[in-house]
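See below for the structure under consideration.
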Amino acid sequence: MTDDILKKANNSLREAVGDYFFSYLNFDDNSFYQYIDKKGNVKWARLKKGKRTKGKFLSAKQIVFSCKHPDFEYDFVDKRVYVNLDSSLNLVERIDIERIPKFLLENKKSNWLNRTELNQIIDNQNLKKSVRKINLRLEFDSKKNEYYWIVFNTIAIFDCYSDEEILHLDPVTGKIQKHFEERQYLTHCN
């Protein structure tokens, strides 16, 4: 039963993140399991609550949970956590929780700079004259396992590209990690 798979995934995830933060993780319908059909073909099917798995169950390599925490409401940030189980419903690998900020896991107040503080830091950088509103977005560096703010200051716009002055800022200290210029091309441009 898919409910048995989800129960095991829930228990494993709760153990990894703790009871407090687990309450902010919701099962995502974009979860899948792998099975062998009657002809011996390996196939994938969507994992739905309250159903029976098809064929011979092989694994649940992509059980997805999405984070819905009021202190982590940022656009364009991947807020998913994956649980991967084998045919015996054992964890295939450690659950990667690196994308979850430490203050959330520890049930503490955010130590990240707020938007006003970030705007003051950006204003003090003596950036080049902008041709449109400065864009600020939270990014995750998967090599360093840390978040940073990326600031796009558009200094010129052309038909199929723009020239950008870019800053990377530490979310806690506001320290500039990188400052460079880059030409960014539009996709699907004629």
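Keep in mind it's a predicted model, so treat the numbers as computed, not measured. When reading the values below, keep in mind they use all heavy atoms of this one structure, side chains included, and skip hydrogens, waters and symmetry mates.
A donor atom on one side chain and an acceptor atom on the other are found under 3.5 Å apart for Thr154 and Glu164.
Remark: side-chain polar atoms of Ser110 are paired, donor with acceptor, to backbone N or O of Trp112 under 3.5 angstrom. Arg99 contributes no side-chain N or O that, together with a main-chain N or O of Val81, makes up a donor-acceptor pair within less than 3.5 Å. Distance alone, capped at 3.5 Å, is enough to place a donor-acceptor pair between the Thr2 side chain and the Lys48 backbone.
A distance of 5.5 Å separates NZ in Lys178 from NE2 in His168, rounded to the nearest 0.5 Å.
Met1 and Val83 fall into different hydrophobic clusters, where Ile, Leu, Val, Met, Phe, Trp and Tyr residues are linked whenever their side-chain heavy atoms come under 4.5 Å apart, directly or through other members. Under the 4.5 Å side-chain heavy-atom criterion for Ile, Leu, Val, Met, Phe, Trp and Tyr, Val172 and Leu105 are members of the same hydrophobic cluster.
Counted within 6.0 Å of CG on Asp159, heavy atoms from surrounding residues, nucleotides or ligands total 12 or fewer; the atom is thus considered open. Around CD of Glu181, the count of heavy atoms belonging to other residues, nucleotides or ligands within 6.0 Å exceeds 12. Under a cut-off of 6.0 angstrom, the local environment of CZ in Phe76 is sparse, with at most 12 non-hydrogen atoms contributed by other residues, nucleotides or ligands. Crowding of Arg183 atom CZ: a count of heavy atoms from other residues, nucleotides or ligands under 6.0 Å exceeding 12.
Shown here for Leu118 and Leu169, the closest heavy-atom pair between the two residues is CD2-CD1, 4.2 Å. The minimum heavy-atom distance linking Ser66 with Asp28 is given by the pair OG-OD2, 3.1 Å. Across Phe103 and Lys109, no two heavy atoms sit closer than the pair CB-O, 3.8 Å. When all heavy atoms are compared, the tightest approach of Asn153 to Ile134 is OD1-CG1, 3.7 Å. The nearest pair of heavy atoms linking Tyr33 to Lys54 is OH-N, 2.9 Å.
Counting Ile, Leu, Val, Met, Phe, Trp and Tyr side chains that sit under 4.5 Å apart, directly or through other members, Ile157 shares a hydrophobic cluster with Val131.
In this structure Leu104 satisfies the side chain to side chain contact (heavy atoms under 4.5 Å, CB included) test together with Phe21, His69, Asp71, Phe72, Ile100, Pro101, sequence neighbours excluded. Taking the side chain to side chain contact (heavy atoms under 4.5 Å, CB included) definition, one finds that Lys61 meets it with Gln34, Trp44, Ser59, Asn84, sequence neighbours left out.
The shortest side-chain heavy-atom distance between His179 and Glu165 falls under the 4.5 Å cut-off.
Ring orientation note: the planes of Tyr74 and Trp149 are nearly perpendicular, at an angle over 60° on the 30°/60° scale.
In this structure, Tyr35 has its ring center at least 6.0 angstrom away from the ring center of Phe57.
For Arg80 and Asp78, the salt-bridge test passes: some basic side-chain N is under 4.0 Å from an acidic carboxylate O. Contact check on Asp19 versus Arg14 returns a salt bridge, with a Lys/Arg side-chain nitrogen under 4.0 Å from an Asp/Glu carboxylate oxygen.
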